[in-house]
Amino acid sequence: MMQIFDSVTKTKRPFEPINPNEASIYVCGPTVYDDAHLGHARSALAFDLLRRTLEALGFKVTMGKNFTDIDDKIIKKVEATGKSMQEITGYYIDRYLEEMAALGVRRADIEPKATESLDAITAMIQTLIDKDYAYIVSNGDVYFDTSKDAHYGEISHKVHDDDENLSRVTHNSQKRNPKDFALWKACKGEEDICFETPFSSGRPGWHIECSAMIEAHFQGTDEYSIDIHGGGADLLFPHHENEAAQSRCATGHELAKYWMHNGFVQIDGEKMSKSLGNSFFLKDALKVYDGEVLRYYLNSVHYRNDFNFNEEDLQTAKKRLDKLYRLKKRVLPGKGSVVNNSFKEKLLEAMADDLNISVALSVIDEMIASANERLDKNPKNKALKKETIANIAFIDELLGFGGKEPFSYFQIGVDETLKEKIEALIAQRSEAKKNKDFTTSDAIRDELTAMGIAIMDTAEGTVWEKA
RNA sequence: GGAACCAUCGCCAAGUUGGUAAGGCCGCAGCCUGCAAAGCUGCUAUUCGCCGGUUCGAGUCCGGCUGGUUCCUCCA
């Protein structure tokens with residue numbers, strides 16, 4: 001039984017989907033005005049793990065992740081660069097998908113964009129106006145009236161207004177209540193990007209697009225539109241609170257049965273932010289580190305915890321992944337047989353417990369140690385080799401790592417010229433070793449070490465790895 | 001100012017319903033090796049930020065304190 005920590009009730013709850021054996025998930029995607037950073041990666045990775053786990057447990061998963069492609073920041077970028085909105089958003093969407101693919105994140109089944117969902121957005125706003133949950137002010141802006149929703153605040157538990165807060169958000173608006181938020185922003189000038197609607201010419205507010213897209217793309221039931229709504233911890237308020245309110249008032253039922261939020265990424269103990277100058281863009285990380293190693297590292301801490309990114313821990317994570325690939329080298333070539341049942345069950349049990357990745361990784365480490373031990377005792381254990389191949393394939397399917405050909409894994413970043421040089425040196429060393437000329441063979445090994453190449457002598461000959 | 005979360009070995013990090021501390025990295029000893037590396041074996045927290053309380057028994061529950069982070073404003 002899958003257990004999910006629901007951020008609204010703040011408890012682990014058994015996952016009982018609204019439709020038997022199916023799971024509908026909607027995750028808030030990026031606003032596409034800039035490159036994705038490690039925080040985007042972590043969120044994408046966390047929900048990729050959720051999706052894979054649910055699928056492994058037998059659920060038919062439908063995953064949606066949106067692209068916010070109308071937004072103040074995008075408009076600013078249009079003004080700053082002179083490029084069209086489509087050029088900008090198209091570029092960053094492509095980059096996002098490319099970079100997430102490098103991390104092994106599977107594409108969502110539904111990837112709606114705000115610009116392609118204007119009918120649904122307009123319809124939902126019109127419904128809210130008709131039902132008197134929303135109002136139009138003189139300049140054409142449309143606001144949601146939070147005082148009309150008795151359940152407003154129940155998602156984030158932020159019910160009470162204190163005077164301090166009121167003074168911060170009230171001014172400069174024709175809002176009826178301080179917490180009311182914009183569903184639709186009317187055109188302010190020629191520079192604006194505007195769409196025609198019955199209420200005014202303008203563009204959607206941030207929160208409404210998710211609600212509208214969920215209604216447009218998911219079936220839902222009388223009680224809920226989707227099973228799980230996810231996103232970064234910062235989205236809980238106001239974004240998800242507002243989404244929940246709009247959907248509740250427009251549809252008459254709750255938006256999601258479970259709400260999940262992932263923790264933040266910090267860099268060397270500090271919040272990642274532009275003002276601190278320590279934003280770590282994924283594209284830069286991928287220049288230095290292999291995508292699979294990054295995936296392993298970013299997923300190695302439970303999704304709800306804050307994640308402190310640093311080089312040292314990443315190298316430690318790589319060492320752990322290396323061990324899996326070294327085992328894979330020992331058991332290949334050959335075809336996999338059947339996954340060890342107890343191993344599979346332990347892995348699934350760990351992941352079913354609100355994605356307990358730490359336990360899952362320890363189960364894998366124990367499998368690796370056990371297989372190595374038995375292989376030491378009996379290097380020709382074919383059945384074990386075949387089972388291990390199957391075990392690793394299962395890890396790749398469930399957790400998304402371990403799928404590469406092991407020799408190429410250890411040779412990432414080594415070009416053909418260098419490779420030939422390394423292999424020539426190894427051949428020379430083998431020759432020297434054969435002649436018991438250990439002075440020469442050790443000198444060659446030192447030379448390889450200086451090149452960042454580690455070698456190891458095995459029964460099948462000398463193999464090498466890029467350190 | 002209001003609210004939430006977190007604090008476990010040198011480092012990273014599990015530990016729902018209280019019952020006597022997973023796993024990885026590092027380190028030490030050994031096996032293997034020409035020597036290494038890799039792999040394997042063994043060792044490495046009587047203790048879970050601090051102080052009280054509840055209990056036969058608490059890392060796990062309650063109260064207080066200290067430290068860190070986050071949200072309340074665009075944000076994964």
Looking at [N], does its base get a donor-acceptor pair with the side chain of [X] below 3.5 Å?
X	N	answer
A:Lys319	B:C25	no
A:Asp306	B:G68	no
A:Arg320	B:C25	no

Roughly how far apart, to the nearest Å, are [N] and [M] at atom [atom1]?
N	M	atom1	value
B:C12	B:A7	P	13 Å
B:G57	B:U69	C1'	33 Å
B:U8	B:A45	C1'	9 Å
B:C48	B:A22	C1'	14 Å
B:G27	B:A36	P	15 Å
B:C71	B:A76	P	12 Å
B:C65	B:G2	P	13 Å
B:G10	B:U44	C1'	11 Å

Does [X] reach a base, just sugar-phosphate, or nothing at all? Heavy atoms under 4.0 Å.
X	result
A:Gln3	nothing
A:Leu235	sugar-phosphate
A:Ser43	sugar-phosphate
A:Asp313	sugar-phosphate
A:Phe264	base
A:Ala369	sugar-phosphate
A:Val301	sugar-phosphate
A:His239	nothing

Taking the minimum atom-to-atom distance to the side chain of [X], which one of [options] wins?
X	options	result
A:Arg445	B:A36, B:C71, B:A76	B:A36
A:Asp376	B:A36, B:A13, B:G39	B:G39
A:Lys10	B:A76, B:C5, B:A14	B:C5
A:Glu373	B:U41, B:A22, B:A37	B:U41
A:Asp442	B:C35, B:A76, B:G24	B:C35

Closest to the 5' end of RNA chain B, once A:Gly232 and A:Arg429 are matched to their nearest nucleotides, is A:Arg429

Let me know, please, whether A:Ser441 or A:Thr458 comes out on the 5' side of the other along RNA chain B by nearest nucleotide.
-> A:Ser441

Taking pairing as Watson-Crick or G-U wobble with both contacts under 3.5 Å, can you name the mate of [N], or confirm there isn't one?
N	result
B:C5	B:G68
B:U46	none
B:C25	B:G10
B:A38	none
B:G57	none

Using only side-chain N and O atoms of [X], determine if any of them is under 4.0 Å from OP1 or OP2 of [N].
X	N	result
A:Lys433	B:U33	no
A:Arg326	B:G39	yes
A:Lys323	B:C25	yes
A:Asn356	B:A14	no

Smallest separation among heavy atoms of A:Ser43 and A:Gly232, with atom names |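 Residues A:Ser43 and A:Gly232, closest heavy atoms: OG-N, 4.3 Å.
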
Before we go on, tell me: are the rings of [X] and [Y] under 6.0 Å apart, centre to centre?
X	Y	answer
A:Phe264	A:Phe307	no
A:Phe67	A:Tyr92	no
A:His207	A:Phe181	yes
A:Phe407	A:Tyr325	no

Side chain to side chain contact (heavy atoms under 4.5 Å, CB included) partner of A:Tyr143, chosen from A:Asn177, A:Leu183, A:Val137 |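 Answer to the side chain to side chain contact (heavy atoms under 4.5 Å, CB included) test with A:Tyr143 among A:Asn177, A:Leu183, A:Val137: A:Val137.
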
Of A:Leu45, A:Val105, A:Asp48, which is the lone residue that meets side chain to side chain contact (heavy atoms under 4.5 Å, CB included) with A:Met100?
-> A:Val105

Atom pair distance, as rounded to whole Å: [atom1] in [X] and [atom2] in [N]:
X	N	atom1	atom2	value
A:Arg330	B:A37	CZ	C1'	14 Å
A:Asp365	B:A14	CG	C1'	12 Å
A:Asp354	B:A14	CG	C1'	13 Å
A:Tyr303	B:C6	OH	P	13 Å
A:Tyr33	B:A76	OH	C1'	11 Å
A:Ile155	B:A4	CD1	C1'	16 Å
A:Tyr297	B:C11	OH	P	15 Å
A:Ile267	B:U70	CD1	C1'	16 Å

Check ring pair (Phe, Tyr, Trp, His ring centres under 6.0 Å) between A:His37 and all other residues, then give those that pass, not counting sequence neighbours.
->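 A:His37 satisfies ring pair (Phe, Tyr, Trp, His ring centres under 6.0 Å) with A:His40 once adjacent residues are dropped.
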
Does A:Phe5 have A:Arg304 sitting over its ring (NZ/CZ under 6.0 Å from centre, angle to axis within 45°)?
->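 Yes - A:Arg304 lies over the ring of A:Phe5, closer than 6.0 Å to its centre and within 45° of its axis.
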
